[in-house]
Amino acid sequence: MKELLKSLPLRAKEKHTENKKFFTKLKKRPPRNLDYIMQELHQAEFKKTNCLDCANCCKTTGPLFTTADIVRISKSLKQKPQKFIDTYLRIDEDNDYVLKQVPCAFLGVDNYCSIYDVRPKACQEFPHTDRKKFQQITNLTLKNVAICPAAYNIVEEMKKKINI
């Protein structure tokens with residue numbers, strides 16, 4: 001897994017132009033069954049991919065925290081929302097709450113998340129490859145293929161399955 005993660009950013013960079021062209025065409029003429037195709041590809045990939053073997057998303061990037069996330073997590077940690085914010089979060093250039101630092105403070109050495117049951121919505125949905133109206137988040141997907149081996153594989157399979 002270490003070798004795969006080491007090579008992933010370069011592999012994603014090599015495919016970036018190809019992927020960007022594909023996604024531009026996809027946005028213009030998405031297939032009617034795109035949501036179904038993406039669900040199928042996502043499920044097939046995650047039958048063979050175990051996130052606990054990787055956790056690269058938790059090690060290299062941080063999610064956005066919504067107000068609902070902050071309230072839910074701070075309640076679980078038995079602390080006031082403001083204390084949670086002060087301890088773990090900062091406001092980014094888009095005025096969103098994000099982690100102060102990565103890797104995530106809630107990631108254990110075994111790649112388990114200590115707040116898994118109450119984790120942020122962005123973490124629950126990552127890498128977002130099974131989202132409805134997938135064509136609307138292609139810029140996010142272009143970033144995620146450099147972070148997540150599963151997202152990379154899903155996009156490669158997607159290009160084989162969808163003729164544009």
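Everything quoted here is computed from the prediction, not taken from an experiment.
- The cluster map of Ile, Leu, Val, Met, Phe, Trp and Tyr, joined by side-chain heavy atoms under 4.5 Å apart, puts Phe126 and Leu142 in different clusters.
- For the atom pair CD1 of Ile162 and CZ of Arg29, the computed distance is 12.5 Å after rounding to the nearest 0.5 Å.
- The shortest distance between side-chain heavy atoms of Leu10 and Ser7 does not fall below 4.5 Å.
- A donor-acceptor pair under 3.5 Å is absent between the side-chain atoms of Asp94 and the main chain of Asp96, judged by distance alone.
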Assess whether side-chain contact (heavy atoms from CB on, under 4.5 Å) is satisfied between Tyr97 and Thr67, documenting all intermediate values.
CA-CA 9 Å; Tyr97 282 109; Thr67 302; 6.0 Å; no
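- Nearest heavy-atom pair, Leu5 versus Pro9, reported as atom, atom and distance to 0.1 Å: O-CD, 3.3 Å.
- Using bins of under 30°, 30° to 60° and over 60° for the plane-to-plane angle, the ring pair Phe84/Phe106 lands in the parallel bin.
- Residues Lys159 and Asn19 form a side-chain contact, since some pair of their non-hydrogen atoms from C-beta on lies under 4.5 Å apart.
- Cation-pi geometry between Arg131 and Phe134 is not met at under 6.0 angstrom from the ring centre and within 45 degrees of the axis.
- Residue Arg11 comes nearest to Leu4 through the heavy atom pair NH1-CD1, 3.0 Å, listed as atom of the first residue, atom of the second, then distance.
- Using modelled atom types, one side-chain atom of Asn56 and one backbone atom of Ile147 make a donor-acceptor pair closer than 3.5 Å.
- Pairing each heavy atom of Leu8 with each of Pro149, the nearest pair is CD2-N, 3.6 Å.
- Using a 4.5 Å cut-off on side-chain heavy atoms (C-beta onward), Asn111 and Lys59 make contact.
- The shortest heavy-atom contact between Thr138 and Lys27 is OG1-CE, 2.9 Å.
- The backbone N or O of Asp130 sits less than 3.5 Å from a side-chain atom of Gln39, completing a donor-acceptor pair.
- Ile70 and Leu64 fall into different hydrophobic clusters, where Ile, Leu, Val, Met, Phe, Trp and Tyr side chains are chained together by heavy-atom contacts under 4.5 Å.
- Connection of Val98 to Ile115 is not established within any shared hydrophobic cluster, with ILVMFWY side chains joined at heavy-atom distances below 4.5 Å, either directly or through further cluster members.
- Side-chain contact between Cys148 and Cys57: absent, with no pair of heavy atoms (C-beta onward) separated by less than 4.5 Å.
- Side-chain contact between Ile37 and Met158: absent, with no pair of heavy atoms (C-beta onward) separated by less than 4.5 Å.
- A donor-acceptor contact shorter than 3.5 Å is absent between the side chain of Ser76 and the backbone of Arg72.
- Within the 4.5 Å cutoff, no side-chain heavy atoms of Val145 are placed close to those of Lys15.
- Atom CD of residue Glu45 and atom OG1 of residue Thr129 lie 8.5 Å apart, to the nearest 0.5 angstrom.
- The closest side-chain heavy-atom distance from Asn139 to Lys143 is not below 4.5 Å.
- At a cut-off of 3.5 Å, with distance as the only test, a side-chain donor of Gln82 or Asp86 sits close to an acceptor on the other residue.
- Annotation for Thr141 and Val155: closest pair CG2-CG2, 3.6 Å, computed over non-hydrogen atoms.
- Shortest non-hydrogen contact noted between Cys58 and Leu107 is CB-CD2, 3.7 Å.
- Separating the CG atom in Asn144 from the CD1 atom in Ile154 is a distance of 10.0 Å, to the nearest 0.5 Å.
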For a side-chain contact (heavy atoms from CB on, under 4.5 Å) check, start with the C-alpha distance between Ile164 and Leu26, then their side-chain angles and the critical distance, and finish with the verdict.
CA-CA 7 Å; Ile164 298 180; Leu26 184 73; 3.6 Å; yes
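- Remark: the backbone N or O of Ala146 is not paired with any side-chain donor or acceptor of Lys13 at under 3.5 angstrom.
- In this structure, His42 and Phe46 have tilted ring planes: the angle between them lies in the 30° to 60° band.
- Rounded to the nearest 0.5 angstrom, Met38 CE and Gln135 CD are separated by 10.0 Å.
- Under the 3.5 Å distance criterion, the side-chain polar atoms of Asp69 are matched with a main-chain donor or acceptor of Lys121.
- Comment: Lys160 engages Glu157 in a salt bridge, judged by a side-chain N to carboxylate O separation of less than 4.0 angstrom.
- Expressed to the nearest 0.5 Å, how far CD1 of Ile73 lies from CG of Asp117 amounts to 11.5 Å.
- Atom NZ of Lys21 has 12 or fewer heavy atoms from other residues, nucleotides or ligands within 6.0 Å.
- Note that CG of Leu52 is 8.0 Å distant from CG of Asp110, once rounded to the nearest 0.5 Å.
- Counting heavy-atom neighbours within 6.0 Å of Lys100 NZ, excluding the residue itself, gives a total above 12.
- With Arg119 contributing its side chain and Tyr116 its backbone, the two residues share a donor-acceptor pair below 3.5 Å.
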